[in-house]
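A short worksheet on the structure shown next.
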Amino acid sequence: MKRMKYKFLESVLDEIDKCVKCAACHAGCPTYELSFSETLTARGKIRLAKGILEESIGLSKRVAKDFSLCLSCLNCSTVCPPGVDTLKIFTAVRSHIYDEKKEGRIESFIHEQVLPYPTRLNYLAKLTGAASLFYKMAPKMIARYFPYAPDGYARVTPPLLRSSLRSRLKEVNKPVEKRTVRRVAYFSGCMTDLAYPETGVHVVEKLNNAGVEVIFPKEQVCCGAPAYFAGDMSTARKLAMKNREAFKNLDVDAIVISCATCGSVLKHAYSQILPDDNSAKEMADKVIDFQSLLVELGEEKKFKAADNSGEKLKVTYHDPCHLKRGLGVSDAPRLILKNLPGVEFVEMENADSCCGGSGAFGLEYYDMSMDIGRAKAEAIKKSGASVVATSCPMCQLQLTDALNRQGYDIAVKHTADFIDQVMSARK
Ligand code: SF4
Ligand code: SF4
């Protein structure tokens with residue numbers, strides 16, 4: 001076998017060879033369930049990867065499409081009997097595709113010239129926010145010609161015209177009227193910074209209430225997920241290094257996340273992006289989801305002790321793929337929701353199935369993304385809940401869009417915002 005052309009792919013040959021072709025990964029793969037196409041499954045992609053490595057298959061448009069038609073939902077690696085790290089393989093293939101096709105692409109420009117610079121990213125967000133205002137106000141006849149507006153349907157876009165979390169939060173946030181029990185750093189992620197800043201404020205407030213001092217390093221940048229999942233390893237590396245520097249010398253015992261994807265990337269992808277870097281490894285070891293930290297501190301018991309009278313608000317929970325399968329967190333949010341006063345928790349069917357969001361996938365394959373989202377919206381509706389909580393801003397946006405599209409009046413809340421809503425009403 002010739003093994004010179006695709007060096008990065010060659011570095012994951014062990015993972016490729018682990019695949020026993022059993023097809024267990026077909027069940028639950030959202031893109032396979034819609035297309036029944038073998039090349040969209042992990043097994044199919046792994047076969048393609050082997051062919052690419054052996055140079056019997058080229059990096060054609062068709063192959064590039066097969067590798068982009070994936071939500072990085074981690075279902076395949078979770079159910080795989082020999083535990084193949086499928087995303088490692090997919091990313092390696094995408095990196096070769098990306099390097100061949102990156103010249104002159106707007107995606108590459110955004111990765112390289114915008115993502116590493118928070119001020120530029122903020123400007124781009126404001127521009128996009130202004131454009132989506134125009135899009136929403138445009139009459140249906142005109143809107144139907146816009147991208148992502150099939151049949152004149154206006155999709156829900158992220159609220160990007162607000163002041164960023166970066167401008168709202170101080171760098172050091174100490175607990176008020178309380179002894180400091182822990183000192184942690186907070187990694188917010190871009191969606192929370194630019195679209196849902198109140199979530200970041202609530203995360204810090206809830207931790208401060210629990211006696212936790214929260215450092216919010218302003219030098220932090222995008223975690224690198226858009227670049228990493230697209231195969232742009234050079235930008236992913238640059239971003240990982242910037243974040244490593246921002247978090248390196250802080251005297252903290254944990255790095256708290258409230259975005260499932262950012263958490264999963266910091267925890268798992270940084271070891272592939274910066275394989276020989278101890279600081280990146282230390283950073284990964286410290287990652288903890290904010291709900292898990294609240295439970296570790298016993299905060300749910302305090303929620304339970306509050307006034308529980310009055311009519312109950314029915315809430316269900318959607319497991320973000322990167323939180324449940326990426327970080328292994330599913331009990332903590334449920335424990336919190338079950339203990340909140342005035343709340344009745346109901347489980348929905350397939351709570352951990354992918355919502356179909358997944359960043360660039362939703363932009364590129366909007367119809368497919370909404371087909372997946374529709375099943376989620378129906379499960380939420382069937383649960384009878386009037387609120388669905390989740391712990392990932394990308395899922396939050398996707399669920400809002402999917403429910404809106406089905407015409408269901410069900411609120412979507414990040415868990416931090418829902419805790420704040422419920423507890424503020426009890427003060
Ligand atoms: S489940 Fe794992 S071993 Fe089986 S075909 Fe899929 S990737 Fe290969
Ligand atoms: S990550 Fe998800 S969408 Fe991609 S191949 Fe695996 S199961 Fe399918």
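Remember, it's 1-based here, ligands and their atoms both numbered in the order they're listed.
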Charged tip of Arg120 within 45° of Tyr117 ring normal and under 6.0 Å: yes
Phe418 six-ring centre to Lys413 NZ/CZ under 6.0 Å and within 45° of normal: no
Distance, nearest 0.5 Å, that separates CZ of Arg325 from SG of Cys73: 5.5 Å
Close approach, Leu71 and ligand 2, non-hydrogen under 4.0 angstrom: yes
Heavy atom of Leu40, distance to ligand 2 below 4.0 Å: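 Contact check Leu40 vs ligand 2: positive.
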Specify the protein heavy atom at minimum distance from [atom]: its residue, its atom name, and the distance to 0.1 Å.
atom: atom 4 (Fe) of ligand 2; answer: Cys70 SG, 2.4 Å
atom: atom 8 (Fe) of ligand 2; answer: Cys29 SG, 2.4 Å
atom: atom 2 (Fe) of ligand 2; answer: Cys73 SG, 2.3 Å
atom: atom 6 (Fe) of ligand 2; answer: Cys76 SG, 2.3 Å

Residue Ile46 vicinity, atoms of ligand 1 by number, heavy atom under 4.0 Å: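 Those atoms are 7 (S).
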With Ser330 via side-chain contact (heavy atoms from CB on, under 4.5 Å) - residues at least two apart: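 Ser330: side-chain contact (heavy atoms from CB on, under 4.5 Å) contacts with Asp319, Lys324, Arg334.
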Pairs where residues 219-243 contributes a residue and the test salt bridge (Lys or Arg N to Asp or Glu O under 4.0 Å) is met, not counting sequence neighbours: none
Would you mind writing out the side-chain donor-acceptor pairs for residues 82-90 within the sub-3.5 Å range, not counting sequence neighbours?
| from | atom 1 | to | atom 2 | distance (Å) |
| --- | --- | --- | --- | --- |
| Asp85 | OD1 | Lys88 | N | 3.4 |

Listed protein N/O/S atoms, distance to atom 4 (Fe) of ligand 1 under 2.8 Å: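 Atoms qualifying: Cys22 SG.
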